[in-house]
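Here's the structure, in structure tokens; my notes come after.
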Amino acid sequence: MSTWLLSCNPKKFDLEGHRRDGHVLDSWTVARFVGEVAAGDEFVLWVSGPNAGVVAYGHFTGAAQYGQPDLRYWAEDPGPRHFVPLVVDKWLDLRVPKQRLVDDPRMSDATILRQPFAGSPHQLADEEWQAVREAIEVSEGAAPDWDLEPGDEIRRVDLHAKFGGSTQNGICPCSTTDNVLIFTAPSSGHQHGYYDTWNEDGTFHYTGEGQTGDQKMIRGNRAILEHRETGKRLRLFDGARGTVRYLGEWTLDAEEPFTEDEAPATNGGDLRKVIRFHMVPVKTTITSPEVEIGQDYVAPDEACAPAPVTPSAPDPDLVGRNLSTHRRLQNLLAAEAQRRGYVALSPDVSDPDFDLAWREAEGRLTVCEVKSLTPANEARQLRAGLGQVLDYQDQLRERTPAVSAVLWVEREPSERRWVALCQRVSVTLAWPGEEDTAFRGDAT
């Protein structure tokens, strides 16, 4: 039995069509090897181009013949030619990159590397076939050089020293290992318009890089999008600096790898287009219910330069005049919580986007939404804040036995009915001067 490497130009073959059509290829050009390719021979499928490498393996189901191959799998009608029927046994989730084989001394004489345009298929010697199969096993199994388990913590500087990648960016493709390191930190990311979210089905939506202007599919964003083609694994971490926590290996949703959304630029600037990557866990990964709620409070910068209000902004409290007021209110309340002996918290990667929370010694949690108020926006802000804090409370109930809700506003509302309304739905409405009410959990 012979073993072969089939080289494919993706411009000539509809490879995605093959994937959708039951992993079966009906034809391949083998004019140079008529009489040599036989039923039962095994092959690997190599895609040429900038991200060249092995994408699949399978076997031939018959001998070569002459005629019209099945046109469903061709980008253009090739006309009558020699072809051989074959079956793809497995499409690889991660491509075996060309460089991995170039670095293997057993592949030094392989024609696909020395004479890639000499023709297809390329017959593989026994040691070459073994080298390719071992490289496939690495792509299909656990990376041999990765020793972190979901939940492990590591200093970010040590992480990069070991696996490569920039120590500054949120998306870090590694040149020395087959990884893309991704960092998510709601407490610092939200000020740049990065709204990463966990979903009920265990998937994760990650905002691409680019703090100003429309985000583009370049650099780190492109590294995430093409991670299958480059053979790199997506490694997600909770935290942006200092000590970070590993949240496992992820991949992009095959049907909808990303969507475009709108979010404000850094410090509440104008809305811009952002990329939202749809990520799904690969193997054992921490899911949101397993992660402790919140992280140590991170105070937002109150000295930001306010941007003009954008009417369609997702939260009017985070743009314009209200932004610095919102942050000042939030920081003062967090300081008061700490003064009273509570643990002040900012949202973590698995949490809803609350402004502030605090935990009592007994473990009881209070989640808080902060709102600035002006005469023009008072009713709108109170409606929005009440809805938000009820939503946060509802999401967190599955993860903690007891959670209270506080709506903290800039001043006493002009209509007292808001206090009674909040009380009816078990939300405490309070403002500066009413700190005892907020921390006692009783409505005024």
Side-chain angles (χ1 to χ4, degrees), residues 149-153 184-190 195-206 236-239 243-248 281 284-300 315 329-331 333-371 384-409 422-430 434-443:
E149 295 293 333
D152 286 352
E153 295 186 346
T184 178
S187 57
S188 59
H190 291 181
Y195 294 95
D196 302 337
T197 55
W198 290 86
N199 304 305
E200 292 182 357
D201 60 358
T203 61
F204 184 65
H205 286 179
Y206 180 78
L236 181 63
F237 290 85
D238 173 20
T243 298
V244 296
R245 184 169 74 249
Y246 180 47
L247 298 181
T284 304
T285 302
I286 288 180
T287 57
S288 51
E290 298 175 277
V291 181
E292 186 176 0
I293 295 172
Q295 60 176 320
D296 290 344
Y297 183 71
V298 179
D315 185 349
L329 287 167
Q330 180 178 317
N331 286 338
L333 189 61
E336 181 65 18
Q338 292 167 332
R339 188 185 71 81
R340 292 173 179 246
Y342 301 124
V343 179
L345 302 169
S346 291
D348 209 342
V349 63
S350 58
D351 302 324
D353 187 26
F354 55 78
D355 288 322
L356 169 68
W358 55 86
R359 186 182 295 113
E360 302 175 21
E362 299 79 11
R364 184 179 180 87
L365 182 77
T366 299
V367 63
C368 178
E369 176 66 19
V370 178
K371 288 295 180 189
L386 180 57
Q388 285 173 277
V389 76
L390 284 171
D391 179 41
Y392 304 152
Q393 182 186 43
D394 184 64
Q395 292 186 56
L396 294 174
R397 276 198 176 109
E398 294 184 357
R399 298 170 55 194
T400 185
V403 56
S404 301
V406 169
L407 177 55
W408 182 254
V409 295
C422 289
Q423 188 176 33
R424 287 199 298 272
V425 292
S426 300
V427 172
T428 299
L429 176 62
E434 294 290 334
E435 285 80 6
D436 286 345
T437 299
F439 291 103
R440 191 173 62 243
D442 299 326

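In this structure the side chain of Trp408 reaches within 4.5 angstrom of the side chain of Glu435, judged on heavy atoms. Counting only heavy atoms from C-beta outward, the side chains of Tyr342 and Glu360 approach each other to under 4.5 Å. Looking only at side-chain heavy atoms (C-beta outward), Phe439 and Glu336 come within less than 4.5 Å of each other. The shortest side-chain heavy-atom distance between Gln395 and Asp353 does not fall under the 4.5 Å cut-off.
Put simply, CG on Leu236 and OG1 on Thr184 are 6.5 Å apart, with the number rounded to the nearest 0.5 Å. To the nearest 0.5 Å, atoms OG1 (Thr366) and CZ (Phe354) are separated by 11.0 Å. Considering CG of Asp355 and OH of Tyr392, their distance stands at 6.0 Å, rounded to 0.5 Å. Atom NZ of Lys371 sits about 11.0 Å away from atom CG of Leu386, to the nearest 0.5 Å. Here CD of Glu434 is found 11.0 Å from OG1 of Thr428. Values are rounded to the nearest 0.5 Å. Rounding to the nearest 0.5 angstrom, the gap separating the CD atom in Glu369 from the CG atom in Asp391 is 10.0 Å.
Listed for the Gln393 side chain is no donor-acceptor partner under 3.5 Å among the backbone atoms of Val367.
For Arg424, the side-chain contact (heavy atoms from CB on, under 4.5 Å) test picks out Ala420, Leu421, with sequence neighbours left out. Looking at residues two or more places apart in sequence or on another chain, you find a side-chain hydrogen bond (donor to acceptor under 3.5 Å, both in side chains) between Tyr297 and Gln330, Asn331.
The nearest pair of heavy atoms linking Leu356 to Ala344 is CD1-CB, 4.4 Å. When all heavy atoms are compared, the tightest approach of Ala357 to Leu365 is CB-CD1, 4.2 Å. Considering every non-hydrogen atom in both Val389 and Val427, the closest pair reads CG1-CG1, 4.0 Å. Gly248 and Pro150 get closest at one heavy-atom pair: CA-CG, 4.0 Å. Considering every non-hydrogen atom in both Pro347 and Pro352, the closest pair reads CB-O, 3.5 Å.
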Inset, instruction - Take Val370 and Gln388, measure what side chain to side chain contact (heavy atoms under 4.5 Å, CB included) needs, and give me the verdict at the end. - result: CA-CA 10 Å; Val370 178; Gln388 285 173 277; over 6 Å; no
